[in-house]
Amino acid sequence: MRYSQMFIPTLKEAPADAQVPSHKLLVRAGFIRQLSAGIYSVLPLAQRSLNKIQAIIRDEMNAIGGQEFHLPALSPRELWEESGRWTGMGENMFRLKDRKGADLCLAMTHEEVFTAIARGEVRSYKQLPQFWYQIQTKFRDEPRPKSGLLRVRQFTMKDSYSFDFDWEGLDRSYEAHRHAYERIFERCGLTFVQVDADTGAMGGKASTEFMVKTDAGEDLIAFNVESGYAANVEKATSVIPAEEDETGPEKPEKFPTPGVRTIEDLEQPPFEVSAKRQIKTLVYMVNGNLVLALLRGDHELVEAKLAAAAGSTDHRPAHPEEIRSALGALPGSLGAVGVRGLKILADHALQGRTNMVTGANEDGFHLRGVVPGRDFTPEWVDLRLVKEGELDPKGQRPLQVAKALELGHIFKLGLRYSQTMGATVLGPDGKESPIVMGSYGIGVERILAASVELHHDDDGILWPMSIAPFQVALLPLQPNDPQVKETTEKLYQQLTAAGVEVLLDDRDERPGVKFKDADLIGLPVRVAVGKKALAQGKVEWKKRDSKEIELKSLDDLQREFAVLGALAGRGR
RNA sequence: CGGGGAGUGGCUCAGCCUGGUAGAGCACUUGGUUCGGGACCAAGGGGUCGCAGGUUCAAAUCCUGUCUCCCCGACCA
């Protein structure tokens, strides 16, 4: 491809609203343009890379027996009511009405549609397992789109679904996908980690996220390299030292705490109650009911854990008025002692503790000598946010916490959709049983952006060979010099014939401009044809990730081309 | 939704406080000189100052409303 004939609008300056490196560089290098908040146009360079990423994904999905579909993005309300997600998806789902006034949505994911196909057409266990997938546009009305392609409202997802007769089958399908995902991300040149994750709105039994560690990510993962433990902090647990409590009074004692509103206030004189001896009482509205969430004073709540424990599809912190009318006090003086009729969830770290301090549900008063389990009866659950340095749950090694970006997520859905939507098959015993399902997603544009986050420098992008828009940038430095021109054209022909994808910068620009643009766009190899080297019968060969320029004869280049061509031909 | 910031040629921004009829750099067009890391000179083209209303002789500038975008918190590929 000749640069002069291709649309590559590079910019010297990054747009003011770009924050993360991938956003700045993809815009500057002419890969994307923003149309609206969280909605991007893909330009030709990016489309080439995305095509390569998709080819890798197809290759690996087909390798595990995946069959490609293409399902509609538009979807009728009735289908989503069957699974309960018409309301369950909440505001994140784009909804619209057709001319007759019928409700439709733009699908965020396709469990419902695939399940509907399966239930209509799959009748026997003999037809299972099935792996169905598609690469398709998804719509999500994100409350806060941000960071360029990292969090958007319209994006391309590879989503696949496995249908098995039994749970062992699901385990096999899940592992097959895990291995396919490992190969996909490896081939895309990404360093990734797999972490245990919360299943969230998808429902289901277990899930694994494929994460890339980067500051541009929005998730936090806790891990220890030696023990191999890794989990999203929404799911991560840790071992913390036990607290020694003194024996307290027989029953809780109320004491005045005028003006105390926070855990920190109670730590101050004259009270001097360490946060570790306090019970933090948070009130949430979960599916329309108030729920108390109890934690040690110095611990933080993970809302996802609360939601999972409470079986929530919809939750938010309760409003002060709601709290006052239910408990008789405002935040700052809340506690679980004496509370009737509300679900009480308490974090494991409070189990076995005695002589604790908590709010008295009377403004300006607290209780001391409180014993969880004696003075109130909670449901014991995990609610606590793990912190760096705490010990992992297995190997007892200290955890690290890092920011990460989610590229893929695989779920053991189980019977979540087959049961609610009636997708069953007949087993060998002639009895109907619901299909055991899994679902598996990859964000295609996120792979592109994650690659830039991982591989860039001050001058621009460094594409891995496998997903670069072209493999080679061919730069004639003096395009009007006959010998330079002739050599460049010859190289272009040879490279193309060898199956190498070349971007020939045939513009009548000064060498500096071409070098700058080449570095910015970030093709893996740069071949420069200039009068200097040509005088020795050579051209310059430089890898984008190296500072060294090698002078090569045209014969040397032929060998390099053969290697490159073979790489390109394999799509990696 | 809660909190913070910003909308002025394609991009980055100044002008606004203290109203007086719109400017710089980059990009673009033409001519010339240059030519190995984003050249220089000259001459050009291009802007409803987000939108609506108000105040005023006069509004980019002051007031009100509204829309959009970005950032920080709760959701997800």
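Both backbone and side-chain heavy atoms feed into the values below; hydrogens, waters and symmetry mates do not. We name chains A, B, ... by the order of the sequence lines, and we start the count at 1 in each one.
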Under a 3.5 Å cut-off for both contacts, is [N] paired Watson-Crick or G-U wobble with anything, and if yes, with which nucleotide?
| N | value |
| --- | --- |
| rA6(B) | rU68(B) |
| rG37(B) | none |
| rG25(B) | rC11(B) |
| rG19(B) | none |
| rG53(B) | rC63(B) |
| rC75(B) | none |

Exercise. Closer to the 5' end of RNA chain B via nearest nucleotide, is it Arg446(A) or Ser36(A)?
Worked result: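 Result of the comparison: Ser36(A).
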For this session: Look at the rings of Tyr174(A) and Tyr440(A) and say which category their plane angle falls in: under 30° parallel, 30 to 60° tilted, over 60° perpendicular.
Result: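 Plane angle between 30° and 60°, so tilted.
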Exercise. Do the rings of Phe210(A) and Phe185(A) sit parallel, tilted or perpendicular, given the 30° and 60° boundaries?
Worked result: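 Aromatic pair Phe210(A)/Phe185(A) classed tilted.
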Round to the nearest Å and state the distance from [X] atom [atom1] to [N] atom [atom2].
| X | N | atom1 | atom2 | result |
| --- | --- | --- | --- | --- |
| Asn232(A) | rC75(B) | CG | C1' | 12 Å |
| Gln19(A) | rG5(B) | CD | P | 16 Å |
| Glu142(A) | rA74(B) | CD | P | 14 Å |

For this session: Select one nucleotide: of rA77(B), rA74(B), rU12(B), the one nearest the side-chain heavy atoms of Pro143(A).
Result: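 Per side-chain heavy atoms of Pro143(A), the pick is rA74(B).
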Problem set entry | Ser49(A) side chain vs Ala46(A) backbone, donor-acceptor pair below 3.5 Å |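 It does not hold such a pair.
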Exercise. When you measure from the side chain of Ser162(A) to the backbone N and O of Gly438(A), does any donor-acceptor pair fall under 3.5 Å?
Worked result: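 It does hold such a pair.
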For this session: Using a heavy-atom cut-off of under 4.0 Å over every strand shown, decide if Ala18(A) touches base, sugar-phosphate, or nothing.
Result: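 Here Ala18(A) touches no strand at all.
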Exercise. So what does Pro479(A) hit on the nucleic acid, given a heavy-atom distance under 4.0 Å: a base, only sugar-phosphate, or nothing?
Worked result: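 Result for Pro479(A) = nothing.
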Using the [atom1] atom as the point on both nucleotides, what is the distance between [M] and [N], in whole Å?
| N | M | atom1 | value |
| --- | --- | --- | --- |
| rG53(B) | rC11(B) | P | 26 Å |
| rC17(B) | rC62(B) | C1' | 11 Å |
| rC49(B) | rU68(B) | C1' | 16 Å |

Exercise. Looking just at side-chain N and O atoms, do His409(A) and Glu406(A) make a donor-acceptor pair shorter than 3.5 Å?
Worked result: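 Short answer, yes.
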Under 3.5 Å, which donor-acceptor pairs link side chains of residues 522-543 of chain A to any protein atom two or more places apart or in another chain?
{"unit_1": "Lys542(A)", "atom_1": "NZ", "unit_2": "Ser546(A)", "atom_2": "O", "d": "3.1"}

For this session: May I ask you to evaluate whether Arg144(A) reaches the phosphate of rC72(B), defined as a side-chain N or O under 4.0 Å from OP1 or OP2?
Result: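 So the side chain of Arg144(A) is within the cut-off, an N or O lying under 4.0 Å from OP1 or OP2 of rC72(B).
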For this session: If a protein heavy atom is under 4.0 Å from the base, mark B; if only from the sugar-phosphate, S; if neither, -; do that for nucleotides 31-40 of chain B going 5' to 3'.
Result: ---BBBBBB-
Problem set entry | Residues forming a salt bridge (charged side-chain N to carboxylate O under 4.0 Å, His left out) with Glu300(A), sequence neighbours excluded |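 For Glu300(A) there are no salt bridge (charged side-chain N to carboxylate O under 4.0 Å, His left out) partners, ignoring immediate neighbours.
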